[in-house]
Amino acid sequence: MSQGYTISELMACVFAREIKDGELGGCPGVRSEVPLASVRLAQRMHAPNTTCYYGAIVYNTDAPLSKFATEYDRIIGAEASVATYEWFDTLHRGDIDFFFVGGMQVDMYGNLNLVCLGDWKKPTLRGPGSAGLNTVTFARRHFIWINEHTSRVFVPKVDFISCPGYLDGPGAREGAGLRWGGPSIVVSPLAVMDFDQETKRMRLRSVHPGVTVDEVKQNTGFELIIPDSVPQTPAPSEEELRVLRTEVDPAGILRNEEPVG
Amino acid sequence: MAKVMSLEDAISKFVQDGSTVLIGGTYMTDEPVAAAHEIIRQGKKDLTLVLGEAACMVGDLLIGAGCVKKIVSSLLGFMRLKPIAPRYRRAIERCDLEVWEAEQNHVHAALRAAAQGVPFMPTLSGVGCDYHKVNPDIKVLQDPFGDRTVNIVKAIEPDVTIVHTATSDDWGNAQHGGSLHYDILSCRAAKKVIVMTEQVVSYDHIRKNPDKTHVIGYNVAAVVEMPFGAYPSEGQACYRYDLDHYREYLRMAETDAGFEEYLDKYVRGKAHNDFLQLAAGTNKLLELQTGVH
């Protein structure tokens with residue numbers, strides 16, 4: 001087995017390590033390979049009692065990882081299939097521990113934008129729309145995963161808040177009426193970031209193997225908090241890779257890109 | 001009362017210029033594509049199009065063909081094939097389309113309000129976000145009983161909801177082949193429902209599994225039997241989606257001229273069977289059914 005792993009495999013391992021046993025977590029229905037792989041990896045490594053809510057319709061499905069899973073594919077072998085709007089209720093009640101979300105832009109407070117670039121009335125780029133990914137902020141915490149780490153994506157302030165992070169800083173979520181939650185980590189192809197407790201600003205937590213701190217700084221459109229010493233993101237262990245490749249992703253969906261490590 | 005009718009009759013009777021029309025399904029599953037083609041052929045205009053989930057091809061076709069004045073939706077994209085639907089994007093960037101900007105659950109809340117007969121519905125979705133700044137039907141409300149903050153969303157009652165199902169009886173008691181999307185809510189909130197079904201079955205057949213009937217005949221105005229009516233999307237329990245055709249659409253819909261060419265090639269002056277033969281052919285259709293039943 002090759003030790004060379006891909007960014008998607010590394011991301012899946014990083015997220016899996018954040019998941020605690022017994023949690024109820026959710027994966028979105030689109031671009032779901034990394035989230036789904038991470039929950040399934042966690043379930044097999046250290047969190048067997050974790051429940052995975054997937055695509056807003058099913059609990060703990062066996063549907064294989066796929067870039068093009070259909071609705072029907074997803075419900076086969078699931079523990080339960082529910083009407084879409086039920087997942088919003090479950091999120092709003094605060095019953096969901098973690099959820100994954102992405103965006104076209106992310107800012108220093110972890111706010112996300114899937115709606116538009118530029119002025120909403122006459123956008124320079126119209127995005128897909130926010131889908132259900134605003135409600136994700138009612139999970140106890142959410143994980144942000146971003147496939148492009150550039151200053152185009154990591155901007156000082158998003159053009160439209162479609163999913164709130166810490167808004168404009170300490171106390172802002174509470175002031176707006178958000179009682180819990182917020183982004184816990186951001187994982188990009190270059191690094192792992194978290195949020196400083198005091199300022200609620202994004203902070204570099206680790207750089208991926210082969211990436212320098214300077215590279216991350218240069219590709220981020222705002223000032224990241226950089227601790228005195230920045231460790232390397234732990235590479236996937238042999239056991240993590242074995243479970244990923246033989247049990248979670250035997251078809252190699254996450255491997256279908258250039259290996260980096 | 002005869003509800004079983006042709007698609008042409010159903011659209012001409014129940015979709016008027018200026019109607020609020022809700023299209024069921026999710027992404028590339030159970031999209032009532034044949035109905036969208038018929039709406040285009042009949043040249044309906046000024047529609048308020050409500051997409052419960054994200055009926056991507058149907059939404060993009062209707063917008064591109066100029067049938068839609070206002071879009072009520074939280075997302076229009078073709079999943080991994082193209083995250084942003086091309087005609088939708090173009091129309092908004094040209095300021096040719098009114099957008100009811102919302103998070104998915106705002107659409108749900110508007111429909112729940114209509115389904116319950118109340119003027120608006122509170123929800124936690126949108127709290128802390130920008131939706132209420134650009135959408136006059138979403139407001140921020142302080143909890144009159146406590147200290148919470150919520151969004152309230154004005155009810156939306158579709159004049160007609162169009163759904164695709166695996167089976168239906170001739171009264172419109174219809175059963176899905178799998179996931180329900182949020183077609184239940186879409187039907188309860190609507191004044192009338194058009195059921196486009198793969199197969200009209202007997203009343204007794206439906207009564208064998210009443211727990212699977214989620215579209216209920218009482219407000220169904222038309223039942224249209226249309227095999228492969230959701231093609232190229234997935235018809236749950238009947239056929240898989242045809243990614244090749246979606247790709248062809250996305251290639252052509254990239255430009256104004258290409259989109260017009262697509263409509264001429266597959267929609268204008270074509271019956272649904274013509275479209276199926278041109279776009280897929282019998283062998284491909286059989287292949288899409290493989291392994292589903």
Side-chain angles (χ1 to χ4, degrees), chain A residues 29-31 55-58 67-76 81-89 91-93 104 111 113-116 118 120-135 137-138 158-165 167 172-173 175-179, chain B residues 26-30 52-54 73-77 79-81 83-85 88-93 95 99 101-106 108 111-112 123-131 133-134 140 142 147-150 177-185 214 234 236-237 240-241 243 292:
Chain A
V30 181
R31 289 179 67 232
I57 56 167
V58 286
K67 289 193 173 170
F68 295 105
T70 71
E71 294 285 298
Y72 195 63
D73 290 338
R74 288 177 194 157
I75 66 173
I76 301 299
S81 159
V82 297
T84 317
Y85 51 83
E86 291 184 47
W87 79 288
F88 294 109
D89 297 346
L91 273 159
H92 283 147
R93 271 170 54 96
M104 305 192 298
N111 302 305
N113 173 19
L114 270 166
V115 168
C116 62
W120 179 82
K121 288 200 187 91
K122 183 138 191 20
T124 52
L125 177 95
R126 172 66 203 193
S130 76
L133 295 177
N134 155 265
T135 304
T137 200
F138 292 92
V158 294
D159 294 339
F160 190 105
I161 299 181
S162 68
C163 177
L167 297 172
R173 278 181 73 87
L178 297 165
R179 292 191 163 182
Chain B
T26 308
Y27 296 113
M28 289 144 70
T29 295
D30 287 332
E53 297 273 350
S73 168
S74 65
L75 176 77
L76 210 59
M79 299 170 67
R80 294 306 282 260
L81 296 179
I84 310 173
Y88 159 84
R89 178 182 164 187
R90 245 5 92 68
I92 295 173
E93 289 174 4
C95 301
V99 181
E101 192 71 63
E103 125 87 31
Q104 198 173 8
N105 194 50
H106 287 130
H108 288 189
L111 296 174
R112 281 198 199 192
T123 173
L124 287 170
S125 291
V127 173
C129 292
D130 290 340
Y131 305 98
K133 296 176 186 167
V134 299
V140 177
Q142 295 304 317
D147 60 354
R148 304 297 301 270
T149 304
V150 297
S179 169
L180 302 170
H181 323 297
Y182 68 87
D183 289 354
I184 302 178
L185 190 52
H214 295 292
E234 170 181 47
Q236 289 187 101
R240 296 185 65 81
Y241 47 45
L243 290 177
V292 173

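Reminder, nothing fancy here: chain letters follow the sequence lines and each chain counts from 1. This structure is a prediction, so every number in the text was calculated from the model and none was measured.
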Between [X] and [Y], what is the shortest heavy-atom contact and its length?
X: A/K121; Y: B/C95; answer: O-SG, 3.5 Å
X: B/I92; Y: A/P123; answer: CG2-CG, 4.0 Å
X: B/C129; Y: A/S162; answer: SG-O, 3.8 Å
X: B/V127; Y: A/A176; answer: CG1-O, 3.0 Å
X: A/F160; Y: B/V134; answer: CE1-CG2, 3.9 Å
X: A/I161; Y: B/Y131; answer: O-CE1, 4.3 Å

Quick one: what part of [X] sits under 4.5 Å from any heavy atom of chain B, side chain, backbone, both or neither?
X: A/F138; answer: side chain
X: A/N111; answer: neither
X: A/T124; answer: backbone
X: A/L133; answer: backbone
X: A/R179; answer: side chain

Tell me, side chain or backbone of [X] under 4.5 Å from chain A's heavy atoms, or both, or neither?
X: B/M28; value: neither
X: B/L81; value: both
X: B/V150; value: neither
X: B/H108; value: side chain
X: B/R90; value: neither

Most chain A-contacting option - heavy-atom pairs closer than 4.5 Å, from [options]:
options: B/H214, B/E93, B/R89, B/Q236; answer: B/E93
options: B/L111, B/T149, B/D130; answer: B/D130
options: B/P83, B/G178, B/S179; answer: B/S179

Subject >> Top contributor to chain B interface from A/A131, A/A172, A/G118 [non-hydrogen pairs under 4.5 Å] >> reply: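 Ranked by contacts with chain B, first place is A/A131.
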
Original post:
Using a cut-off of under 4.5 Å for heavy-atom pairs, which of A/G175, A/P164, A/G132 has the most such pairs with chain B?
Top reply: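 When all of A/G175, A/P164, A/G132 are compared, A/G132 has the most.
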
Original post:
Does the salt bridge (Lys or Arg N to Asp or Glu O under 4.0 Å) test come out yes or no for B/E101 and A/R126, once each step is laid out?
Top reply: CA-CA 12 Å; B/E101 192 71 63; A/R126 172 66 203 193; 2.7 Å; yes

Original post:
Would you say the side-chain atoms of A/T135 and B/Q104 include a donor-acceptor pair closer than 3.5 Å?
Top reply: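 Judged by distance alone, the side chains do not pair up.
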
Subject >> CG-CG distance between B/N105 and A/D89, expressed to the nearest 0.5 angstrom >> reply: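 If we round to the nearest 0.5 Å, B/N105:CG and A/D89:CG are 7.0 Å apart.
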
